[in-house]
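This structure is in structure tokens; I'll ask about it shortly.
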Amino acid sequence: MNKKITDLAYAKVNLSLDIVSKMDDGYHNMKMVNQTVTLADEVTVECLPGEGINIKSGLSFLPCDERNIAAKAAISFFKYTGIKGYETKISMKKNIPVCAGLGGGSSDGACVLRILDRMFETNLGRKKLEHIGLSIGADVPFCIDGGTSLAEGRGEMLTNLKPLPKCFIVICKPPVNIRTPKLFSQIKCEKIRARPDTNGIIEALGNQDLGGVARRMYNVFEDVLTTGTKYIAEIKNIMYDKATLGTVMTGSGPSVIGIFDNAEGAKAALAQLKQSYKECFLTEPVERQGYL
């Protein structure tokens with residue numbers, strides 16, 4: 001038997017990111033509004049009789065062994081289901097920038113889980129796939145189904161929200177890398193000066209008020225940045241010059257998103273950003289995958 005399936009792994013952006021507290025286990029209690037967008041990696045999984053996992057990404061700096069989150073996803077799936085006797089080949093066409101705060105690795109892992117669930121007709125459903133995904137990474141549960149969600153806890157406590165209204169989301173990654181553990185180490189929850197209006201964002205989504213969502217976007221990591229602040233400020237200024245409804249850093253950075261209610265403004269921002277930055281994208285929201 002030889003099975004092969006290709007699917008898309010959509011990037012994740014944060015409309016808001018708040019850190020509520022530090023938990024006893026050392027992890028942080030998060031409160032985020034997440035959104036999947038049309039920027040996506042293309043993931044192909046092939047299973048044939050044998051054993052082992054083979055990873056190809058086209059990027060020499062990404063691990064091609066069990067350190068890769070896509071490999072971890074396959075290992076976790078087979079362990080959970082008890083399925084044995086298959087060699088798994090995973091090929092990824094990477095379009096989502098790496099180390100960009102866009103959840104590319106997590107989305108790849110979630111995509112592998114979805115593909116294997118379809119391939120072997122295990123019909124695990126959303127909750128079981130999210131459970132497997134949490135053992136791989138905190139963002140993987142959200143990336144299983146995607147769409148628009150409130151994510152709490154480590155990111156695994158998900159509440160479906162009304163979809164983000166039709167809009168255009170420009171993404172720009174400046175040429176710096178930000179270490180997520182370092183950012184977390186600098187966060188002192190009791191000293192956070194400004195927080196996103198998460199409840200206001202949820203209410204605006206319920207009313208399908210795009211401007212209300214965009215005006216309330218905020219990311220508490222921006223308060224503790226020590227790297228890339230000049231780039232981020234410049235990107236935001238360009239977004240505002242082109243009449244973005246709102247702009248914010250996503251994840252642990254350094255990528256910045258801007259929400260536009262018209263294609264012309266978004267395209268103008270993209271064109272100007274591309275004069276200075278290599279990794280710029282014009283995207284739109286993606287609704288949930290539809291797992292029950």
Side-chain angles (χ1 to χ4, degrees), residues 10-19 30-39 96 100-103 142 146-152 158-174 192-223 225 228-229 231-274 277 279-288:
Y10 293 107
K12 179 214 76 171
V13 299
N14 292 102
L15 304 180
S16 70
L17 191 156
D18 197 3
I19 302 175
M30 312 293 290
K31 190 172 185 179
M32 308 173 285
V33 179
N34 295 341
Q35 175 66 54
T36 41
V37 295
T38 48
L39 175 63
I96 304 171
L102 296 168
F142 166 74
T148 313
S149 289
L150 173 68
E152 298 176 279
L158 299 169
T159 303
N160 293 341
L161 301 176
K162 285 283 187 68
L164 186 66
K166 179 176 174 58
C167 62
F168 303 89
I169 302 175
V170 175
I171 301 172
C172 179
K173 179 187 181 294
I192 293 176
R193 295 174 297 175
R195 296 182 181 274
D197 181 7
T198 307
N199 291 336
I201 291 175
I202 294 171
E203 182 178 355
L205 286 168
N207 295 329
Q208 292 294 277
D209 176 7
L210 181 63
V213 172
R215 287 193 302 272
R216 292 173 169 85
M217 296 192 304
Y218 189 68
N219 183 337
V220 298
F221 276 136
E222 293 191 47
D223 267 353
L225 282 178
T229 53
Y231 293 121
I232 290 168
E234 182 179 74
I235 292 167
K236 285 187 172 187
N237 285 336
I238 291 172
M239 299 273 201
Y240 281 122
D241 284 345
K242 302 304 178 184
T244 182
L245 298 179
T247 177
V248 69
M249 187 180 82
T250 180
S252 56
S255 297
V256 176
I257 67 168
I259 291 183
F260 295 79
D261 59 3
N262 65 90
E264 291 74 20
K267 289 177 181 177
L270 183 74
Q272 185 167 341
L273 287 166
K274 281 187 171 181
Y277 300 98
E279 295 181 292
C280 304
F281 310 90
L282 176 56
T283 72
E284 297 181 36
V286 173
E287 294 191 10
R288 288 188 290 275

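Side-chain atoms are counted along with the backbone in the values below, which use heavy atoms only and exclude waters and symmetry mates.
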Short side-chain donor-acceptor distance under 3.5 Å, E284 and T38 = no
Show your reasoning for whether salt bridge (Lys or Arg N to Asp or Glu O under 4.0 Å) applies to K236 and E222.
-> CA-CA 12 Å; K236 285 187 172 187; E222 293 191 47; 2.6 Å; yes
Using a cut-off of 6.0 Å, state whether more than 12 heavy atoms not belonging to F168 lie near its atom CZ.
-> yes
How many angstroms lie between CE in M30 and OG in S16, if you round to the nearest 0.5 Å?
-> 10.0 Å
Would you call K31 and D18 a salt bridge, using N to O less than 4.0 angstrom?
-> no
Please determine which of V170, L210, L245 meets the side chain to side chain contact (heavy atoms under 4.5 Å, CB included) test together with F260.
-> V170
Side-chain H-bond candidate by donor/acceptor type, N219 with N14, under 3.5 Å = no
Donor on one side chain, acceptor on other, Y277 and E234, under 3.5 Å | yes
Which atom pair, heavy atoms only, marks the closest approach of M249 to F221?
-> CE-CB, 3.7 Å
In this structure, which one of T198, L158, N199, L15 forms a side chain to side chain contact (heavy atoms under 4.5 Å, CB included) with L150?
-> T198
If you take all heavy atoms of K242 and G265, which pair is closest and at what distance?
-> CB-O, 3.9 Å
Q208 CD: over 12 foreign heavy atoms closer than 6.0 Å = yes
Going through the distances and angles, do N160 and T148 end up as a side-chain contact (heavy atoms from CB on, under 4.5 Å)?
-> CA-CA 6 Å; N160 293 341; T148 313; over 6 Å; no
Determine the minimum heavy-atom distance between C172 and C280, stating which atoms define it.
-> SG-SG, 3.6 Å
Minimum heavy-atom distance between V37 and Y10, given as atom pair plus value | O-CD2, 3.3 Å
Please determine, by modelled atom types, if Y218 and D223 share a side-chain donor-acceptor pair under 3.5 angstrom.
-> yes
Which atom of T250 lies closest to which atom of G101, heavy atoms considered = OG1-O, 3.4 Å
Can you list the steps and then say if L17 with N34 is a side-chain contact (heavy atoms from CB on, under 4.5 Å)?
-> CA-CA 9 Å; L17 191 156; N34 295 341; over 6 Å; no
Specify the closest pair of heavy atoms between A100 and S255, including all atoms of both residues, with the distance to one decimal.
-> O-OG, 2.8 Å
